[in-house]
Amino acid sequence: MRLHNTLSGQVEEFKPIEVGHVRMYTCGPTVHDYAHIGNFRTFLFEDLLRRVLLQQGYRVTQVMNLTDVEDRIIKKAAEHGQTIDEFTEKYIEAFFEDLDTLRIERAEHYPRATEHIFEMVSLIDLLNEKGHTYVTDGSTYFRIASFPRYGELAHLDHAGLKAGARVDVDDYGKDDPRDFVLWKARKPGEQSWETPLGIGRPGWHIECSAMSMKYLGESFDIHTGGVDNIFPHHENEIAQSEAATGKPFVRYWMHAQHLQDAMGEKMSKRLKNFTTLRDLVAEGYQPRAIRYALLTGAHYRSPLAFSPELLKAADSAIKRLDEFAVRLGPIPTEAEPTPDVRKRWDDALKDDLNLPAAVGHLFEFIKAFNTRLESGKATPEERAGAMAMLRHANRILDVVEFPEVVDAEVDRLIAERQAARDRRDFARADEIRQQLLGMGIQLDDTKDGTRWKRVR
RNA sequence: GGCGAGUUAGCCAAGUGGUAAGGCAGAGGUCUGCAAAACCUCCACCGCGGGUUCGAAUCCCGCACUCGCCUCCA
């Protein structure tokens with residue numbers, strides 16, 4: 001298995017620290033609003049990574065944080081006259097609903113920042129002891145000058161950082177503009193925690209270090225997020241984690257590219273050019289088409305422009321997969337996937353999660369196998385293998401609807417209609433077809449007889 | 001200004017040295033009581049200009065354009 005590592009900028013052979021067990025931390029949502037589909041592109045990339053690792057036989061321990069204390073949350077909660085918990089509850093709930101809608105597998109842990117204040121304070125304490133911090137007006141800062149390797153992940157050198165640095169955009173004082181805040185002193189009206197560091201609240205970056213190390217250890221395998229997290233968030237995580245433990249923090253950093261709007265601009269809350277999952281579902285798009293579009297529309301490291309056309313193409317492609325399943329019919333699933341196709345599929349995914357290529361191989365196979373089915377050459381064994389292959393692929397894609405095994409009533413009506421057709425009573429035949437359609441069953445007449453499938 | 005990614009058919013997209021996967025859309029055909037599906041066929045000289053090579057979308061140089069990051073945005 002090969003994965004792209006932002007640290008080296010290269011695709012590298014993946015080897016977990018513990019043989020057969022992958023520990024990964026996936027940066028989760030800030031629950032100040034509904035997540036938009038750009039956010040979900042990243043979460044789907046992480047779902048892909050998780051599923052591929054599992055399919056490769058790894059045990060996976062995945063942690064996804066819920067950032068529930070942050071500037072926007074504090075501001076909005078105050079505007080609503082609510083506590084942080086009251087305000088974020090709705091969006092946390094919505095987030096999990098959205099994960100289900102997109103069939104994103106659950107991680108093992110979803111730690112919340114507000115429930116790990118103690119761990120964060122402990123970590124900051126450790127940084128204090130080791131001389132990486134300073135305090136100004138009750139806020140604690142990380143001194144970047146104390147961590148020479150700073151900039152390694154984002155490939156920025158200190159000089160470059162200085163050139164790009166702006167002066168103090170927030171209200172907190174720093175010795176050096178590059179430094180970042182670990183603990184923010186309480187400001188009037190803000191929810192705060194009373195700790196040995198003073199009354200205040202944690203900075204953003206420290207939560208991920210504290211929570212990832214709590215659940216995964218001081219060194220773990222994979223840490224993911226959107227590319228916008230590379231700098232400063234992940235860079236800061238490395239600095240504070242490694243400064244505290246003296247150990248390598250993360251071995252493989254993986255980042256998903258952005259989803260763009262139809263104009264090719266980054267989708268973001270700030271630009272107000274975003275779409276939520278809920279909007280799309282309300283517009284009548286199938287969730288599985290959204291899943292398919294975001295997952296296969298482009299390799300995860302390439303930008304993807306989102307458009308209605310993309311969704312429509314996804315919808316049609318899924319229908320083709322459904323149709324293939326219907327055509328193979330309800331058959332046993334114990335068979336092994338068609339070997340050569342399986343190999344091409346697996347190899348593509350093992351090559352830095354190249355799902356677009358894998359899907360290409362799958363469709364190539366489907367096209368060829370349809371030809372065999374058409375000519376009547378496909379053996380029952382081959383059909384079983386093809387079905388197993390489709391199921392194998394669908395363990396990653398999770399978009400196909402497989403035909404149900406039997407439905408006696410449907411079979412009876414189909415037989416009755418066939419009898420009508422045999423005596424050329426097409427009026428009766430069409431009547432039965434309409435009747436079944438009313439039951440959500442669509443009939444397809446083929447050379448091999450009549451097939452049926454459920455329609456929406 | 002610094003760093004990085006990218007430019008492949010109408011749209012999306014894979015492809016890192018041997019003369020372009022796949023999906024969507026489109027055209028024609030086969031099949032068919034009808035419908036739908038399926039199948040077959042057709043549809044790209046890979047941003048521009050040089051260079052290396054027997055041979056380049058793939059390597060090198062230059063140019064153009066797009067996008068991202070450069071302090072709390074997945």
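Predicted model only: the values in this text are computed from it and were never measured. Just so we're on the same page: letters track the sequence lines, and every chain starts at 1.
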* Think A:K269 forms a cation-pi with A:F274, using NZ or CZ under 6.0 Å from the six-ring centre and within 45 degrees of its axis? -> yes
* Among all residues two or more places apart in sequence or in another chain, which pass the side-chain hydrogen bond (donor to acceptor under 3.5 Å, both in side chains) test with A:S241? -> A:S209
* Kindly state each residue pair satisfying side-chain hydrogen bond (donor to acceptor under 3.5 Å, both in side chains) with at least one member in residues 429-438 of chain A, sequence neighbours excluded. => A:R428-A:E431
* Structure fact -> Ranking B:C24, B:A74, B:C67 by distance to the side chain of A:N229, first place goes to B:A74
* side-chain hydrogen bond (donor to acceptor under 3.5 Å, both in side chains) involving A:Y292 - partner list, sequence neighbours excluded -> none
* **B:C42 - base-pair partner by Watson-Crick or wobble geometry, distances under 3.5 Å** => B:G26
* Asked: How would you list, by chain and number, every residue that makes a salt bridge (charged side-chain N to carboxylate O under 4.0 Å, His left out) with A:R143, sequence neighbours excluded?
  -> A:D175
* To do: Pick base, sugar-phosphate or nothing for A:E70, based on heavy-atom distances below 4.0 Å to the nucleic acid.
  => sugar-phosphate
* **Of residues 261-272 of chain A, the positions that come close to RNA chain B - non-hydrogen atoms, cut-off under 4.0 Å** => A:G264, A:K266, A:M267, A:R270
* With A:R178 as the cation and A:Y150 as the aromatic partner, state whether NZ or CZ is under 6.0 Å from the six-membered ring centre and within 45° of the axis. => no
* Asked: Considering residues at least two apart in sequence or located in another chain, which fulfil the salt bridge (charged side-chain N to carboxylate O under 4.0 Å, His left out) criterion with A:R106?
  -> A:D100
* Nearest-Å distance for atom pair CD/P, residues A:E152 and B:G4 -> 15 Å
* Base, sugar-phosphate, or nothing for A:H258, non-hydrogen atoms under 4.0 angstrom? -> base
* Structure fact -> Atom CH2 of A:W345 and atom C1' of B:G23 are separated, to the nearest Å, by 13 Å
* Asked: Is any side-chain N or O of A:D228 under 3.5 Å from a base N or O of B:G68, one able to act as donor and the other as acceptor?
  -> no
* So A:H255 and A:W253, would you call those rings parallel, tilted or perpendicular, with 30° and 60° as cut-offs? -> parallel
Return all side-chain donor-acceptor pairs below 3.5 angstrom for residues 259-268 of chain A, not counting sequence neighbours, or 'none' if the list is empty.
unit_1	atom_1	unit_2	atom_2	d
A:D261	OD1	A:M263	N	2.8
A:D261	OD1	A:G264	N	3.0
A:D261	OD1	A:E265	N	2.9
A:D261	OD2	A:N273	ND2	2.8
A:S268	OG	A:L271	N	3.1

* Which residues pass the side-chain hydrogen bond (donor to acceptor under 3.5 Å, both in side chains) test with A:H258, sequence neighbours left out? -> none
* Asked: B:G62 pairs with which nucleotide, Watson-Crick or G-U wobble, both distances below 3.5 Å?
  -> B:C48
* What does A:A256 touch in the nucleic acid at a heavy-atom separation under 4.0 angstrom: a base, only the sugar-phosphate, or nothing? -> nothing
* Asked: What about A:R417: does its side chain form a donor-acceptor pair under 3.5 Å with the base of B:G33?
  -> yes
* To do: Measure from the side-chain heavy atoms of A:F231 and tell me the nearest of B:C70, B:G33, B:G23.
  => B:C70
* Calculate the interatomic distance between A:D176 atom CG and B:C70 atom C1'; express it in whole Å. => 14 Å
* Complementary nucleotide of B:G68, counting Watson-Crick and G-U pairs under 3.5 Å -> B:C3
* From the options B:C24, B:A74, B:G33, select the nucleotide whose nearest atom is closest to the side chain of A:T30. => B:A74
* For A:R423 and B:G33, what is the distance between atoms CZ and P respectively, to the nearest whole Å? -> 16 Å
* NA contact type, A:L373, heavy-atom cut-off 4.0 Å: base, sugar-phosphate, or nothing? -> nothing
* Quick one: list whatever passes salt bridge (charged side-chain N to carboxylate O under 4.0 Å, His left out) with A:E108, sequence neighbours left out. => A:R50
* To do: When you get a sec, tell me which of B:G33, B:C3, B:C72 is the closest nucleotide to the side chain of A:H155?
  => B:C3
* Whole-Å gap separating C1' (B:C73) and CG (A:D33) -> 13 Å
Could you list the protein-to-nucleotides 37-41 of chain B atom pairs, N/O on both sides, closer than 3.5 Å?
unit_1	atom_1	unit_2	atom_2	d
B:A37	O2'	A:E323	OE2	2.9
B:A38	O3'	A:N370	ND2	3.1
B:A38	O2'	A:R327	NH1	2.3
B:A38	O2'	A:E374	OE1	3.0
B:C39	OP1	A:N370	ND2	2.4
B:C39	OP2	A:R320	NH1	3.2
B:C39	O3'	A:T371	OG1	3.0
B:C40	OP1	A:T371	OG1	2.9

* Asked: If every non-hydrogen atom of A:F87 is compared with every non-hydrogen atom of A:V31, which pair is closest and at what distance?
  -> CE2-O, 4.2 Å
* To do: Pick base, sugar-phosphate or nothing for A:L259, based on heavy-atom distances below 4.0 Å to the nucleic acid.
  => base
* Mind checking what makes salt bridge (charged side-chain N to carboxylate O under 4.0 Å, His left out) contact with A:D445, not counting sequence neighbours? -> A:R417, A:R421
* Do A:R72 and B:C72 have a side chain to base donor-acceptor pair shorter than 3.5 Å? -> no
* Asked: With centres under 5.5 Å and planes under 30°, do A:F426 and B:G33 count as stacked?
  -> yes
* **Base versus backbone protein contacts along nucleotides 6-21 of chain B [heavy-atom cut-off under 4.0 Å; B, S, -]** => ------SSSS-----B
* Structure fact -> A:N65 atom CG is separated from B:A74 atom P, nearest whole Å, by 10 Å
